[in-house]
Amino acid sequence: MAKIRLATVWLDGCSGCHMSFLDMDERLIEIASKVEVVCSPYVDTKEFPENVDLAIVEGAVSSEEDLEKLLKIRKNSKMVLALGDCGVTGNVSAMRNLVGVEASLKCAYDELSDNNKGVRPSRETPKQLERVSAQHERVFIDCFLPGCPPPADAIYNILSSLIEGKEYDIFNHTRFGK
Amino acid sequence: MIDANVQRARTKTLTINDQAFSARSDQTILQVARENNIDIPTLCAIEGLSDIGACRLCLVEIAGQRELKPACTTRIKDGMVVSTDTERLRKHRKTILSFLFAERNHICSVCVSNAHCELQKMGAKVGLTHVEVPYLYPKLQVDASHRRFINDPNRCILCLRCVRVCDEIEGAHILDVFARGLEARIIAEMGRPWGESENCTECGKCVQVCPTGALNEKGLSVAEQHKRRGFLPYLTTMKRGR
């Protein structure tokens, strides 16, 4: 059986979902025998490739760069899995929506910063969108795995089921805010 | 003491999910279903308080009726044919839960009730993988003025359990509802800060019946925020016997 072209992407999140992915421990070896990781923070790919079978996307859509990435992921992937509460509900990332972009930048760079107080990055930080959104508010998402983060068991369950084309029940392992 | 209503009640026969049951005419569909171990999802209904059909999760289909009816406030009728678990109902339950999540700021991972929240559990129970309507992100003020309790409207689902327990069991009725629809809020004593309430007895029953983290106790960790409801059936029985 040909290996599945797998990509994992990290948008606006804490990377806890990717850490949870690694928590699969020895089961990663089993997964690795069935997939080819073509793009991921683990392998430090810079550009999202074409013809991806399954894209696992962590994080909410907060910046123009996030949105650009997500649109490309959708275009180049047969199946997209939203991983974790930020991607599924907006979660902590979307708490910015309660105060707005300017107030959050002011808090981060003007009020709480220890170094370079009041200096805001002009190049390295992408432009923030007015509203942080869950992934499915921007593109079609095929499957959802909530949890903050989703436990390794939940990731293993859904991933192995998707690879083998079997049915899965995520709520045995996770829910919002797990 | 014999309840006068029980004396007047007659036996009626109805069908729930293709099974025939006999029950008292003064019972609701939800009561009959629960007595017979048929699960109907609910959030606002709680044993010991009046039923008001606020959350609409317990909607059921009744043969011959186009609209869905809340099982908690619909009395049984002779020959009634009820379905509690159809494709249409499952779809409606997901939509209702989506509204509840989207109307306020339920960020489960940073909530004091994470892991022991009825709304969160209900999401998993009805298979809500994601919220199907756009989030509103309302700006809501937390009222932490009370010495012992916090009212966080970000987590409120307007089930009104707190209002009912304060009125029907404690007899204080200091909690009530302000405004309507999306603007509705739980307030204390005509909208003054809860801590300035002159009539709050600080009994904490409202906090214990709250299904989410909307009403919570100060000074307790997330793991300690378990709601204790053992008092409710006991006090209800005591009040009835008065």
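In what follows, every chain begins at residue 1, and chains take the letters A, B, ... in the order their sequences are listed.
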field: Verdict with reasoning, B/T84 to B/N17, per side-chain hydrogen bond (donor to acceptor under 3.5 Å, both in side chains)
entry: CA-CA 7 Å; B/T84 69; B/N17 299 343; 2.8 Å; yes

Does [X] use its side chain to pair, donor to acceptor, with the backbone of [Y] at less than 3.5 Å?
X: B/K218; Y: B/H146; value: yes
X: B/N216; Y: B/F149; value: no
X: B/R34; Y: B/L30; value: no

query: To the nearest 0.5 Å, what is the distance between CD (B/E47) and CZ (B/R229)?
result: 12.5 Å

Reported CE-to-OG distance for the pair B/M190 and B/S197, which is rounded to 0.5 angstrom: 12.5 Å

query: Tell me, side chain or backbone of A/A82 under 4.5 Å from chain B's heavy atoms, or both, or neither?
result: neither

- prompt: For A/I170, is it the side chain, the backbone, both, or neither that has a heavy atom closer than 4.5 Å to a heavy atom of chain B?
  reply: side chain

I'd like a table of all donor-acceptor pairs linking chain B to chain A (distance under 3.5 Å, no angle check), giving the atom names and the distance to one decimal.
unit_1, atom_1, unit_2, atom_2, d
B/S109, OG, A/N91, OD1, 2.8
B/N114, ND2, A/G177, O, 2.6
B/Q120, NE2, A/F176, O, 2.7
B/V131, O, A/H136, NE2, 2.8
B/Y135, O, A/R131, NH1, 3.4
B/Y135, O, A/R131, NH2, 2.9

message: I'd like to know if B/R228 and B/E217 make a salt bridge, using a cut-off of under 4.0 Å between side-chain N and carboxylate O.
response: yes

query: Where on B/L140 is there a heavy atom nearer than 4.5 Å to chain A: the side chain, the backbone, both, or neither?
result: neither

task: Please determine, among B/G123, B/A115, B/P134, the option with the most heavy-atom pairs under 4.5 Å with chain A.
output: B/A115

Name of the residue among B/T42, B/L97, B/I157 meeting side chain to side chain contact (heavy atoms under 4.5 Å, CB included) with B/L57: B/L97

